[in-house]
Amino acid sequence: MPCIVGLTGGIASGKSTVSRRLAEHHAIPIIDADAIAREVVAPGRPALWLIARAFGRDVLTADGALDRPRLGAMVFGDAAARARLNRITHPFIIATMAWRLGVALLVRRAPLVVLDTPLLFETRNLLPLCTATVVVTCSREQQMERLMTRADGTLTEVQAEQRIASQMPLEQKAQMADFVIDNGGTADDLPEAIDRFVMAISGSVPTWFGLLFLRPLRAMGGRS
Ligand SMILES: CC(C)(COP(=O)(O)OP(=O)(O)OC[C@H]1O[C@@H](n2cnc3c(N)ncnc32)[C@H](O)[C@@H]1O)[C@@H](O)C(=O)NCCC(=O)NCCS
Ligand SMILES: Nc1ncnc2c1ncn2[C@@H]1O[C@H](COP(=O)(O)OP(=O)(O)OP(=O)(O)O)[C@@H](O)[C@H]1O
């Protein structure tokens, strides 16, 4: 029985860094919601047309692509606008993720697949599929600092704070998860924490337990 791990965290807490090591060092297939979220809004795709209809043609660049900074500025400080964007994009993202999960499990016969999903606990759409969940954590100050550094001057402090506030608090996610990868140390500390997690997931959560107990519990909205 394969194991499907839902990987999540807060914005800039280190999910992609963890995913990269899981893929490169442990050969685990990763299905990356952020990457798919970009694919489904590529020029010519129906989601982009729906976004332009809902938010106006101003959210497109001169060459017809999505103006991500502009749309980001519109949705991260406005819950209603964000919900509207999520209603458009999430069905396309979920369908693509489910399809790729099917390919990884049935065609590639992967024993373990990771769904890298920032909003795993917020939307709960993919939670019923997961046999285990893991959250990448760090402090709020580290989140701010990493987010600002990565944005390289393109985000104001207020915008960075809005992005953090648009997600469930990281401590709450950590409480809901089966596993936590602490990324509160340096980048050099992280590989060891990831490898410990891989050992734990390979040994201590029998998939039958996840499928029989954790998944139905999550589907009912209960805590794992
Ligand atoms: C608003 C958009 C255009 C901003 O693009 P931008 O390039 O600045 O950010 P990027 O897509 O790289 O996302 C960075 C991080 O922001 C956070 N984030 C993205 N979308 C959302 C959202 N709707 N709600 C809360 N947090 C979000 C995630 O932690 C994500 O990892 C883009 O994030 C988007 O289209 N979001 C809607 C799709 C979505 O929900 N994606 C998240 C994965 S399901
Ligand atoms: N332990 C660490 N110390 C310092 N910087 C780190 C550490 N871990 C990751 N980073 C850096 O922090 C930034 C955010 O990391 P990463 O992109 O992995 O986060 P994420 O959770 O995937 O972000 P997002 O939610 O935006 O997709 C990156 O620039 C990364 O190089």
Side-chain angles (χ1 to χ4, degrees), residues 1-9 13-51 66 83 85-136 167-168 173 176-179 181 194-195 197-224:
M1 268 291 197
C3 186
I4 302 163
V5 175
L7 169 76
T8 192
S13 68
K15 297 177 297 296
S16 309
T17 312
V18 170
S19 281
R20 214 169 305 122
R21 182 165 178 90
L22 292 174
E24 288 169 5
H25 197 77
H26 297 279
I28 296 171
I30 309 291
I31 299 175
D32 179 343
D34 276 341
I36 291 172
R38 285 171 187 263
E39 288 176 33
V40 301
V41 298
R45 303 289 294 267
L48 185 60
W49 183 81
L50 292 169
I51 290 172
L66 183 63
L85 176 65
N86 291 348
R87 273 197 301 277
I88 295 171
T89 53
H90 287 187
F92 293 101
I93 297 169
I94 292 158
T96 310
M97 290 186 80
W99 172 257
R100 292 201 187 155
L101 177 63
V103 171
L105 296 176
L106 302 173
V107 181
R108 293 178 64 188
R109 303 245 167 219
L112 198 162
V113 181
V114 168
L115 304 178
D116 179 345
T117 316
L119 305 177
L120 186 70
F121 290 126
E122 284 89 342
T123 67
R124 305 185 78 89
N125 291 319
L126 293 166
L127 212 44
L129 290 178
C130 298
T131 45
T133 56
V134 57
V135 166
V136 183
Q167 300 187 346
M168 183 188 287
K173 291 188 184 185
M176 294 169 83
D178 301 313
F179 296 90
I181 296 177
I194 297 168
D195 298 349
F197 160 70
V198 173
M199 294 270 287
I201 193 82
S202 314
S204 75
V205 178
T207 301
W208 61 264
F209 181 81
L211 285 173
L212 282 178
F213 299 109
L214 298 180
R215 196 168 64 168
L217 203 71
R218 285 197 198 99
M220 288 186 299
R223 249 205 69 186
S224 55

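Since we're looking at a predicted model, the values are computed, not measured. One is the number of the first residue; the rest follow in order along the sequence.
The two residues Thr133 and Asp178 have their closest heavy-atom pair at N-OD2, 2.8 Å. Closest heavy-atom contact between Phe92 and Ile88: CD1-O, 3.2 Å. Taking all atoms of both residues into account, the shortest heavy-atom contact from Leu48 to Pro43 is CD2-CA, 3.6 Å. Between Thr8 and Leu119, the closest heavy-atom pair is OG1-N, 4.3 Å. Between Met97 and Ile31, the shortest heavy-atom distance links the atoms CE-O, 3.7 Å. In plain terms, the two heavy atoms of Phe179 and Ala200 that are nearest each other are CE2-CB, 3.8 Å.
Side chains of Glu39 and Ile93 form no contact here, defined as non-hydrogen atoms less than 4.5 Å apart. At a threshold of 4.5 Å between non-hydrogen side-chain atoms, the residues Ile51 and Thr89 count as touching. Met168 places a side-chain heavy atom less than 4.5 Å from the side chain of Met176. At a threshold of 4.5 Å between non-hydrogen side-chain atoms, the residues Asp195 and Arg21 count as touching. With a 4.5 Å cut-off on side-chain heavy atoms, Leu7 and Thr117 do not count as touching.
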Verdict with reasoning, Trp49 to Val41, per side chain to side chain contact (heavy atoms under 4.5 Å, CB included): CA-CA 8 Å; Trp49 183 81; Val41 298; over 6 Å; no

Derivation of the side chain to side chain contact (heavy atoms under 4.5 Å, CB included) call for Val113 and Val5: CA-CA 6 Å; Val113 181; Val5 175; over 6 Å; no

Candidate pair Cys130 and Leu115, rule side chain to side chain contact (heavy atoms under 4.5 Å, CB included), full reasoning: CA-CA 8 Å; Cys130 298; Leu115 304 178; 4.2 Å; yes

Stepwise side chain to side chain contact (heavy atoms under 4.5 Å, CB included) test for Leu112 and His26: CA-CA 10 Å; Leu112 198 162; His26 297 279; over 6 Å; no

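Asp34 has no carboxylate O lying under 4.0 Å from a charged side-chain N of Lys15, or vice versa, which leaves the two without a salt bridge. A salt bridge links Lys173 with Glu122: the distance from a Lys NZ or Arg NE/NH1/NH2 to an Asp or Glu carboxylate oxygen falls below 4.0 Å.
The closest donor-acceptor contact from the side chain of Thr131 to the backbone of Ile4 lies under 3.5 Å. Judged by distance alone, with hydrogens and angles left aside, the side-chain atoms of Ser13 form no donor-acceptor pair with the main-chain N or O of Gly9 at under 3.5 Å.
The line from CZ of Arg38 to CG of Asp32 is 9.5 Å long, rounded to the nearest 0.5 Å. Rounding to the nearest 0.5 Å gives a distance of 7.5 Å between OG1 of Thr17 and CD1 of Ile194.
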